[in-house]
Amino acid sequence: MKNYNPSQIESKWYEHWLERGFFHSTPDHRKPYTIVIPPPNVTGVLHMGHILNNTLQDVLVRRARMSGLNACWVPGTDHASIATEAKVVARLAEQGIAKSDLSREEFLEHAWRWREEHGGMILKQLRTLGASCDWERTKFTMDPEMSEGVLKVFVDLHRKGLIYRGVRMVNWDPAAQTALSDEEVIHREMQGKLYFLRYKLEGAPLEDGRDSIIVATTRPETILGDVAVCVNPNDPRYAAFKDRRVIVPLVGRSIPVIYDDYVTMEFGTGALKITPAHDVNDYVLGEKFGLEVIDIFNPDGTINDRVGLYVGGDRFAVRDQIARDLQNAGLVEKIEDYTNKVGFSERTGVAIEPKLSMQWFVRMEGLAKPALEAVMNDTIRFVPAKYKNTYNHWMSGIKDWCISRQLWWGQRIPAWFLPAGSGGGYVVAQTAEEALRLAQEKDPALTAADLRQDEDVLDTWFSSWLWPISVFDGVRHPDNADIKYYYPTSDLVTGPDIIFFWVARMIMFGYESRGERPFGAVYFTGIVRDKLGRKMSKQLGNSPDPLELIDKYGADGVRVGMMLSTSAGNDVMFDEAMCEQGAGFGNKIWNAWNLIRGWRDGAASVASVDSDPASEPAPQSTADRLAVEWFSSRLNAALAEIDSHFAGYRISDALMVAYKLFWDDFSGWYLEIVKPAFGSSAHSATVASTVRFFEQLLQILHPFIPFITEELWHATADRTPDDCITVSQMPTFQEADGTLLARFDLMRETVTAIRSIRRARNIPMRDQLDLKVVPDENFPAELDSILQKMAGLGSVQAVEGHDPEWESFIVKTTRYFVPLPEGGLDREAELAKLREELAYQEGFLLTVMKKLDNERFVSSAPPAVVANEQTKRSDAEARIAAIKDRISALK
RNA sequence: GGGUGUUUAGCUCAGUUGGUUUAGAGCACUACCUUGACAGGGUAGGGGUCAGUGGUUCGAAUCCACUAACACCCACCA
């Protein structure tokens, strides 16, 4: 079979690995290598971002597993409270059921059923990609024991005073009808209007005749909640309004004019309307001046009956309506176009309404301190490091975290309210029974029926921030064997978009809970974009279906394609052509084995037929022996490079080194050197070395391209089902022979030069050429046999003089000549070529001499640098002399 | 309004504390090569005043300053 077809073998090997339990980890004497997956939404489906993120994790985990570490990759899913609840609500709506028609219990039943049907699909899809997760450890953030841990943390933090309840201005999502944390609000620039509204003065006009104040606002509907007009005390325009009151347009309410230097005189008219219920700043001013708070909205964003106007109208419809009504009433001075930033809900996409409400918060300042230090002093390494800045900035100005959500899908807040008759207040406890006990300490007459549990659930991220600990049950049992062995985890691979949501909070909780970092390093991936640089999205339809890609190119192909084009923190410009390249690489490996297998089988049959004990086995050829020595060094040099790339998390560079090692050095040079002449068979020692090299290459490549390497691992030898590449020992770096590598490169350059001559003069490989050389220290005489084979030479001869009819070239300082068969040399062309070369070399020499003639360079540059320049000079001078010599010979 | 990052070949990117033959890789491109692993292959080759300006230095893609374009993050000016 010529071409490799991945689909048939990929599922076979994945099942085999699972069956053998290779991905399952339990604590043992080895060093652990742990990754916890960033848990995808339980109802999500695989997209390209997951492919990027999880391939990276798998590469790291597989490499660790092959490097003698006890690798453990914990998979799982997130309950994603808002997103999932929204999906369930939408599905219920399709069936004609409103959420409000259901009891909490009934709704949760639907939600759990939804999860049973659609949940975990994404984890199955990850298997197709080859993800080597320890599936026996799969967790869901709402598993009973995970939820128990969440409640325990809530109770603990509350007892420590790190969780409190209070009335604050929060971000209200009118679609989901819940509060959101600051991080869940996305600000976008919007084209809006700035309305200039006239607030008539109560009582007599001013002495100068003015009878109103013009106020600029982007949200005219909020005048319903106006309680004051504020101006800057230093603003002379408004000094005369001191102690006066104005009338809210349409509403007719009388409100005071107050003075505070918060107001910018330059903006609008310098007068600001104050609506404490619906603007954060207004709320602060309201508190300062003891103003009333008039909340005009229902939770769904419609106008409530507080004022009695526009009742039930949607906030945006009312905005337009009220603007018209104001205009009709002659209370609009003017309307200008205006661009401002509006907050939108990350989940539902609707405009956020600032709303005053009672919520639960986590006090962040104390938690942030050790977490900030750990990142800034690289106890936790950020890759790339630029995210340290972002992190520093956020952590330094951190605000308290609103953790209550007015939803049902999630962990219900473990707080129980006491009846007013018992003094009110609440108790926080892990269970209802415990809560009752605590309540009875306050009032012994209380029964379970008297207690009312808080209706709200916790922010999803309140369970996520425990993830590196909770997946090992370290919240409920901080001293269990798993958590002690696997924690702190090794690497976290995630996107920078959740650095605040998740990464920062995990670090904070890690230190709070265990006094230790949750992971050693965080690798931030970029965003997957299409090749035009656009973010992939459903709306644009520019996101390929990963499963279709895998079907087309194989998981191996998709993985290689993805890994070739990713560097930490940089966006990936995804192009399907990369997958093609990945699949092509698989094919290359497949066919290389095809060739080697042929030699092996050929050698075996020769040996069995030709088993005359009297005949001495032929010795291995010099070329073969040298090729084996060289490739051994080449492989070791590459291993060292790959190690260093991995140490710096330069995954695509590591893959590129392996790719070139296989494609260029192994396939292009090594195999071509040892390839037996047509009709003859390979030497058994060469075959053995070649197979060993091939196996080592498979191992190096396995983390990136796991399936085909496993398939071929089993082709190179008879192996037991447990002898799999995925649990084999990665070759370790041995000292490479640097001299040999350098000499081989000189030989390669010589071959290339000769091929170039063949190309220019149309001399096919089958026509042997003779090579003449003026040997010097840069002539790799010992590699003569390889040179002859690769360049198609009949002989290599040392000469002192040269014939003008010979074609010539120089490698480093060595002069080579090739007598041409017939027709001879085109002298003019040859001279032109030589003159061009001479001009280049002289130009080059000039730049070198410029340095060497400079006293200050010679005296201040390090000796090694100066010595190198001197070598450059002597080499260039030698080349120039040689070229001049040739030119004069040709003339 | 603040902050961070990016700007190197047609495309995607390397270039590690300034000195490694007057800039590299992969892909794409051009020419040529089809009986012996692989045309998803092979060989050879073209292509860049390292965004701009100024500075530091014996020496700058690399360090500094400013400018421009783009990207992202943060922020309560209605």
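Because the structure is predicted, anything quoted here is derived from the model rather than measured.
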Discussion item. For the C1' atoms, the ones on B:A61 and on B:U8, what distance do you get once it is rounded to whole angstrom?
Written reply: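 It works out to 7 Å between them.
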If you measure from the P atom in B:C64 to the same atom in B:A60, how many Å do you get, rounded?
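Here B:C64 and B:A60 have their P atoms 15 Å from each other.
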Do A:Glu672 and A:Lys789 sit within salt-bridge range, that is, some charged N less than 4.0 Å from a carboxylate O?
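No salt bridge links A:Glu672 with A:Lys789.
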* salt_bridge(A:Arg758, A:Glu807) N-O dist < 4.0 Å ->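 So A:Arg758 does not pair with A:Glu807 through a salt bridge.
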Its contact letters, B for base, S for sugar-phosphate only and - for none at protein heavy atoms under 4.0 Å, make nucleotides 21-26 of chain B read BB--SS
query = Hey, does the side chain of A:Asn570 come within less than 4.0 Å of B:A14's phosphate (OP1/OP2), counting only N and O?
reply =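 Checking B:A14 against A:Asn570, a side-chain N or O does come within under 4.0 Å of OP1 or OP2.
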Quick one: look up who [N] pairs with, Watson-Crick or G-U, both distances under 3.5 Å, and put none if it's unpaired.
N     : result
B:U6  : B:A69
B:U43 : B:A31
B:C63 : B:G55
B:U21 : none
B:A75 : none
B:A37 : none
B:C50 : none
B:G26 : B:C11

| field | Atom CD of A:Glu836 with >12 non-hydrogen neighbours under 6.0 angstrom | value |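 Check fails, neighbour count at 12 or below.
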Exercise. Hey, can you tell me if A:Phe585 and A:Phe662 have their rings parallel, tilted or perpendicular (30° and 60° cut-offs)?
Key: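 Rings of A:Phe585 and A:Phe662: perpendicular, as their planes differ by over 60°.
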inquiry  = Is the ring pair A:Phe694/A:Trp593 parallel, tilted or perpendicular, if the boundaries are 30 and 60 degrees?
reply    =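 Parallel: the ring planes of A:Phe694 and A:Trp593 meet at under 30°.
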Can you tell which of [options] lies closest to the side chain of [X]?
X        : options             : answer
A:Arg529 : B:G19, B:A71, B:G40 : B:A71
A:Asn591 : B:A37, B:G36, B:G19 : B:A37
A:Lys341 : B:G1, B:A44, B:G5   : B:G1

Requested in this report: Please state whether the base of B:C58 and the side chain of A:Lys851 form at least one donor-acceptor pair under 3.5 Å?
Outcome: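 In this structure, the two groups form no donor-acceptor pair.
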Could you check whether A:Tyr387 and A:Phe524 have their ring centres less than 6.0 Å apart?
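Yes - the distance between ring centres of A:Phe524 and A:Tyr387 falls below the 6.0 Å cut-off.
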Task: Contact nearer the 5' end of RNA chain B, comparing A:Ala271 with A:Ser756 - done: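 In this pair, the answer is A:Ser756.
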Nearest-nucleotide 5' precedence on RNA chain B, A:Asn389 against A:Arg759: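 In this pair, the answer is A:Asn389.
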Rounded interatomic separation in angstrom, taking CG from A:Asn587 and P from B:A39
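Taking atom P of B:A39 as the reference, CG of A:Asn587 is at 8 Å.
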**Message:** Return the CZ to NE2 distance between A:Arg219 and A:His278, rounded to the nearest 0.5 Å.
**Reply:**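 The distance works out to 8.0 Å.
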